[in-house]
S.K.: 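Questions regarding the structure given below will be posed in turn.
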Protein chains: 2
Amino acid sequence: MNNGRFATALHILTLLEIKKGELLSSEFIANSINVNPAVVRKEIGNLRAHGFIESKEGKGGGYSLGKPAAHIRLSEVYKSLNESPLLGRSNDPNPECPIGKQINGHLNDLFSSADKAFLNQLGKTTVKDFAKKFN
Amino acid sequence: MNNGRFATALHILTLLEIKKGELLSSEFIANSINVNPAVVRKEIGNLRAHGFIESKEGKGGGYSLGKPAAHIRLSEVYKSLNESPLLGRSNDPNPECPIGKQINGHLNDLFSSADKAFLNQLGKTTVKDFAKKFN
DNA sequence: TTGTACTGTAATAAGAATTGTTACAGTATG
DNA sequence: CATACTGTAACAATTCTTATTACAGTACAA
């Protein structure tokens with residue numbers, strides 16, 4: 001669903017943790033990820049709204065983590081960029097059909113439990129844990 | 001990633017289980033899902049390749065389950081329609097950057113464990129379990 | 001107080017991925 | 001041989017995602 005975005009978001013957070021103490025510019029970050037700086041700023045807009053990142057405007061400005069990396073679970077990051085669950089239904093089945101009529105409800109139940117398992121696993125890792133893997 | 005397709009595939013399998021004994025046509029199935037019959041035939045092409053469905057060509061032909069519904073785990077169905085994992089990386093980070101250089105490997109590890117948790121949960125339900133929910 | 005180096009955000013374009021459609025050859029049945 | 005299906009390819013349309021451009025707003029520093 002939002003694959004690229006999650007990878008981008010995590011990449012950003014990882015850089016900020018590894019270079020903590022410094023303010024990183026969107027251009028620097030964009031260069032590491034190999035995307036356009038505006039994309040980074042947009043993504044950070046969301047991450048900041050969720051408190052993961054703080055920013056400083058103006059000359060000499062840039063980005064830093066908004067809270068300790070150990071307090072940012074990857075599940076929270078993931079959730080921050082899709083309000084919609086992992087496997088949203090896109091078809092709209094025929095309501096005349098007894099199966100079609102009921103299936104969305106059952107699919108949602110199924111999806112939400114699988115989603116939960118997924119998030120639960122992601123939540124075992126924090127940004128700090130993840131960043132520690134780099135040398 | 002392949003949301004709609006999974007929903008479609010499961011819808012098809014559920015219909016076949018509920019109406020077992022009969023051969024269902026792509027048109028009948030398409031009507032319940034509310035998509036084009038060719039889409040159903042295409043999706044079934046994949047499900048058949050994995051042994052979940054059998055088909056009979058020609059007049060009076062149609063589809064039926066290729067094995068007992070109790071033996072089809074939803075995780076297998078899910079896997080059958082994406083060789084690629086749930087959260088494939090789409091960016092290609094800068095290999096000049098020490099972080100960019102390593103991140104894909106670490107992301108893959110992360111993704112694959114979350115994927116596993118997801119599939120593990122889906123695998124707790126079979127097509128038979130799922131179909132039983134309908135009345 | 002002005003130039004410089006940043007962020008914030010909107011508008012738009014481009015590209016990729018998904019889904020739908022049409023068409024028709026192939027096959028079984030009666 | 002007519003009929004009713006599946007199988008599959010080619011193409012069109014749509015939707016989703018990502019990239020690009022542009023520029024206003026803000027802080028710093030000389």
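Throughout, a chain's letter reflects where its sequence line sits, starting with A, and its residues are numbered from 1.
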S.K.: Starting from P on C:dG8, measure out to CG on A:N36 and report it in whole angstrom.
M.R.: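 Roughly 15 Å, once rounded to whole Å.
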
S.K.: Expressed in angstrom and rounded to an integer, what is the separation of B:L24 atom CG from D:dC5 atom C1'?
M.R.: 13 Å

S.K.: Could you give the distance from NZ (B:K79) to CG (B:D115), rounded to the nearest 0.5 Å?
M.R.: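 The CG atom of B:D115 is 9.0 Å from NZ of B:K79, to the nearest 0.5 Å.
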
S.K.: Compare the minimum distances between each of C:dT21, D:dT20, C:dG8 and the side chain of A:R48, then state the nucleotide with the smallest one.
M.R.: C:dG8

S.K.: Please work out which of the three classes, parallel, tilted or perpendicular, describes the rings of A:Y78 and A:F118, given edges at 30° and 60°.
M.R.: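 The rings of A:F118 and A:Y78 stand perpendicular, inter-plane angle above 60°.
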
S.K.: In whole angstrom, what separates B:L81's CG from C:dT19's C1'?
M.R.: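 The answer, rounded to whole Å, is 15 Å.
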
S.K.: Identify, between A:G45 and A:G61, the residue whose nearest nucleotide on DNA chain C lies closer to the 5' end.
M.R.: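 The 5'-side residue here is A:G61.
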
S.K.: Rounded to whole Å, how long is the line connecting atom OH of B:Y63 with atom C1' of D:dA4?
M.R.: 13 Å

S.K.: Grab the two heavy atoms, one from B:G100 and one from A:H11, that are nearest each other, plus how far apart they are.
M.R.: CA-CE1, 3.9 Å

S.K.: In whole angstrom, what separates A:F28's CZ from C:dT7's P?
M.R.: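 It is 12 Å, rounded to the nearest whole Å.
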
S.K.: Quick one: which of B:L10, B:L13, B:N46, B:L122 gives a side chain to side chain contact (heavy atoms under 4.5 Å, CB included) with B:V77?
M.R.: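 Result: among B:L10, B:L13, B:N46, B:L122, B:L13 is the only option passing the side chain to side chain contact (heavy atoms under 4.5 Å, CB included) with B:V77.
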
S.K.: Verify the contact: side-chain N or O of B:R41 to OP1 or OP2 of C:dC24, cut-off strictly under 4.0 Å; return yes or no.
M.R.: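 For C:dC24, OP1/OP2 do not have a side-chain N/O of B:R41 under 4.0 Å.
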
S.K.: Picking from D:dA19, C:dT19, C:dT21, which would you name as closest to the side chain of B:R5?
M.R.: C:dT19

S.K.: Hey, can you pull the donor-acceptor pairs under 3.5 Å for the side chains in residues 123-133 of chain B, sequence neighbours left out?
M.R.:
from: B:K124; atom 1: NZ; to: B:Q121; atom 2: OE1; distance (Å): 3.3
from: B:T126; atom 1: OG1; to: B:K128; atom 2: N; distance (Å): 3.3
from: B:T126; atom 1: OG1; to: B:D129; atom 2: N; distance (Å): 3.1
from: B:T126; atom 1: OG1; to: B:D129; atom 2: OD2; distance (Å): 3.1
from: B:D129; atom 1: OD2; to: B:T126; atom 2: N; distance (Å): 2.8

S.K.: Return the orientation label for the A:F6 and B:F111 ring planes: parallel under 30°, perpendicular over 60°, tilted otherwise.
M.R.: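 Tilted, since the angle between the ring planes falls between 30° and 60°.
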
S.K.: For B:F52 and B:I72, work out which heavy atoms get closest and say how close.
M.R.: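 Heavy atoms only, the tightest pair is CD2-CG2, 3.8 Å.
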
S.K.: Looking at D:dA4, I'd like to know if its phosphate oxygens (OP1 or OP2) sit under 4.0 Å from a side-chain N or O belonging to B:S25.
M.R.: no

S.K.: Just how far, in rounded Å, is P of D:dT6 from CD1 of B:I29?
M.R.: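 One finds 8 Å between P of D:dT6 and CD1 of B:I29, rounded.
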
S.K.: Measure from CG on A:L23 to P on C:dC6 and round the result to the nearest Å.
M.R.: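 Going from CG in A:L23 over to P in C:dC6 covers 11 Å.
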
S.K.: Give the rounded distance in Å between these two atoms: CD of B:E27 and P of D:dG7.
M.R.: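 Result: 15 Å.
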
S.K.: So if I define the base as every atom that isn't primed, P, OP1 or OP2, how would nucleotides 25-30 of chain C read as a B/S/- string at a heavy-atom cutoff under 4.0 Å?
M.R.: --BBB-

S.K.: Looking only at the side chain of B:S26 (C-beta and beyond, no hydrogens), which of the listed nucleotides D:dT6, C:dT7, D:dT21 gets closest?
M.R.: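 Shortest atom-to-atom distance from the side chain points to D:dT6.
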
